[in-house]
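Have a look at the structure below before the remarks.
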Protein chains: 2
Amino acid sequence: MQELTPRQAEIWQFIRDYQETEGYPPTRAEIAARFGFRSPNAVTEHLNALVRKGALALAPDTSRGIRLIGAEADAEEEAGLPVVGQVAAGSPLLAEQNVTQRCQFDPGLFSPRADYLLRVYGLSMKDAGILDGDWLAVHATREARSGQVVVARIGDQVTVKRLWKQGKRLELRPENPDFAAIVPDPERDELVIEGIAVGLIRPNGT
Amino acid sequence: MQELTPRQAEIWQFIRDYQETEGYPPTRAEIAARFGFRSPNAVTEHLNALVRKGALALAPDTSRGIRLIGAEADAEEEAGLPVVGQVAAGSPLLAEQNVTQRCQFDPGLFSPRADYLLRVYGLSMKDAGILDGDWLAVHATREARSGQVVVARIGDQVTVKRLWKQGKRLELRPENPDFAAIVPDPERDELVIEGIAVGLIRPNGT
DNA sequence: GACAGTACTGTATATAATTACAGTATTCAA
DNA sequence: TTGAATACTGTAATTATATACAGTACTGTC
């Protein structure tokens, strides 16, 4: 969708709000009244501009025949965040085969934004309050700071650990005394940070 | 809302579908065409009946001035579940003063249904993966089985612990060796089960 | 400096749409 | 067995609404 001018955006938003509160779209005269236009034609031209830019569709010769495009959240958001289960060896994390379901919630819940939910296997992060079966909310990024809980990929393995950096030396530490830290060998192992933990959902009871 | 006749329900659903696909409500003539009525008045009378029964609202002298009622989820669900923070002494858990915000998500996420989210203070349930600041998803009920994590009220205190029953003896056990179990004295303390834990949300990063 | 895009005023008109009024027929409860 | 609600046909009037056309003015850009 092409960029809207401030005025066009105002009008688009008014139509959305009107639709929301009244249950049906406004007429050109109603839009003109809201913005103080003395001519309904001012609105018609704005609407035509919005059609050209793909922000709405107009049904010709139809009263209130305005349909906003992109009013609802996009399909991705509508369906909710993907929940990534067991990751098949070598496949991208978000490959369809790995997505077991989708989960919808308040986008502002996590900050920075969660891009997907990763089902956690095992108890290696138990002392960080991350248990088997939990869904870790992950913000997809390659950048992680020391001390953050990260989703990392080493070869075919995807793992959740706390990242520690000391100069060039990287370490992936579990939070459970029964598990040992992973120190990737930069020569042999390819370590990729897939994202950082921004929250957690425990869908089953405790 | 009063019971609709089959015909009225058909018309109500058509309006919903039309609204969904076109982006605006239908005219009486369009509804008549869909059902094969030869007179727009047949529709007008159906609409009036639907207004009497509270299934929709009509804006007079307004083209397509139809607003469906009960099409979206009810207001409670719209606003999301209440997040209960620090509970003021003696107040009901869901008293407005205790609700710090609301959080919206997939209702099917927790089972049984979550009625509210309780902000957890302290680390007494650390080993159950429940940390300070976590939001415990709670199903409001007075009934709890031994072994379940419960929200209990003893006098003015609201606490999250694991419930253990042995005959008539009740015990609220923390999951952290640094804390001691609470054994309420049935003579002195009034123990009320407020609900059971059905899940958890950790809104902040880890 | 001409041209396209934005942002309007002002007037007029055809048609889209609601709504009133006069009927017919059926069903179901008091 | 009468009355009220449902479920329509048919016609007509009024008003709600979209839209065409003729202008004005400002802005950026090729």
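For clarity, every value in this text was computed on a predicted model and none was experimentally measured.
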Specify the separation, in whole Å, of atom [atom1] of [X] and atom [atom2] of [N].
X: A:R7; N: D:dC26; atom1: CZ; atom2: C1'; value: 15 Å
X: A:R64; N: C:dT15; atom1: CZ; atom2: C1'; value: 16 Å
X: B:D61; N: D:dT17; atom1: CG; atom2: C1'; value: 13 Å
X: B:L47; N: C:dA20; atom1: CG; atom2: P; value: 13 Å
X: A:L58; N: D:dT17; atom1: CG; atom2: C1'; value: 13 Å
X: A:E45; N: D:dA18; atom1: CD; atom2: P; value: 15 Å
X: B:N48; N: D:dA7; atom1: CG; atom2: P; value: 13 Å
X: B:R52; N: D:dA4; atom1: CZ; atom2: C1'; value: 10 Å

**Item:** Parallel, tilted or perpendicular: rings of B:F14 and B:F35 (30°, 60°)
**Value:**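 The rings of B:F35 and B:F14 stand perpendicular, inter-plane angle above 60°.
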Can you tell me if [X] touches the phosphate of [N], counting only side-chain N or O atoms and a distance under 4.0 Å to OP1 or OP2?
X: A:H46; N: C:dT6; result: no
X: B:T62; N: C:dT18; result: no
X: A:K53; N: C:dG5; result: no

Looking only at the side chain of [X] (C-beta and beyond, no hydrogens), which of the listed nucleotides [options] gets closest?
X: B:Q8; options: D:dT19, D:dT6, C:dA17; result: D:dT6
X: A:N41; options: D:dC8, C:dA16, D:dA20; result: D:dA20
X: A:P40; options: D:dT19, C:dC8, D:dC8; result: D:dT19
X: A:S63; options: D:dC8, C:dT6, C:dA16; result: C:dA16

**Request:** Could you tell me whether B:R162 and B:E171 have a side-chain N and a carboxylate O separated by less than 4.0 Å?
**Result:**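 Here B:R162 does not pair with B:E171 in a salt bridge, since their nearest N and O are not under 4.0 Å apart.
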**Message:** Which heavy atom of A:C103 sits nearest to which heavy atom of B:D106, and what is that distance?
**Reply:**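 Result for this residue pair: CA-OD2, 4.3 Å.
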**Message:** Restricting to non-hydrogen atoms, name the atom on A:H46 and the atom on A:R7 that form the minimum distance, rounded to 0.1 Å.
**Reply:**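 Here A:H46 and A:R7 meet closest at NE2-CG, 3.7 Å.
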**Prompt:** At under 4.0 Å between heavy atoms, what does A:P60 touch on the DNA or RNA strands: base, sugar-phosphate, or nothing?
**Reply:**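 Sugar-phosphate contact only - A:P60 comes under 4.0 Å of backbone atoms but never of a base.
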**Message:** Please evaluate residues B:D17 and B:Q13 with respect to the criterion side-chain hydrogen bond (donor to acceptor under 3.5 Å, both in side chains), reporting the C-alpha separation (whole Å), side-chain torsions for both, the decisive distance (0.1 Å), and the verdict.
**Reply:** CA-CA 6 Å; B:D17 292 351; B:Q13 280 160 31; over 6 Å; no
**Asked** Between A:S39 and B:I11, which is nearer to the 5' end of DNA chain D once each is assigned its nearest nucleotide?
**Response**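 The answer here is B:I11.
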**Charged tip of B:R119 within 45° of B:Y121 ring normal and under 6.0 Å** =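 That pair qualifies as a cation-pi contact.
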**Asked** Within 45° of the ring axis of A:Y24 and under 6.0 Å from its six-membered ring centre, is that where the NZ or CZ of B:R64 lies?
**Response**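 Negative - B:R64 is either too far from the ring of A:Y24 or too far off its axis.
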**Message:** For DNA chain C, which residues of residues 24-38 of chain B approach it to below 4.0 angstrom with any heavy atom?
**Reply:**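 B:T27, B:R28, in order of number.
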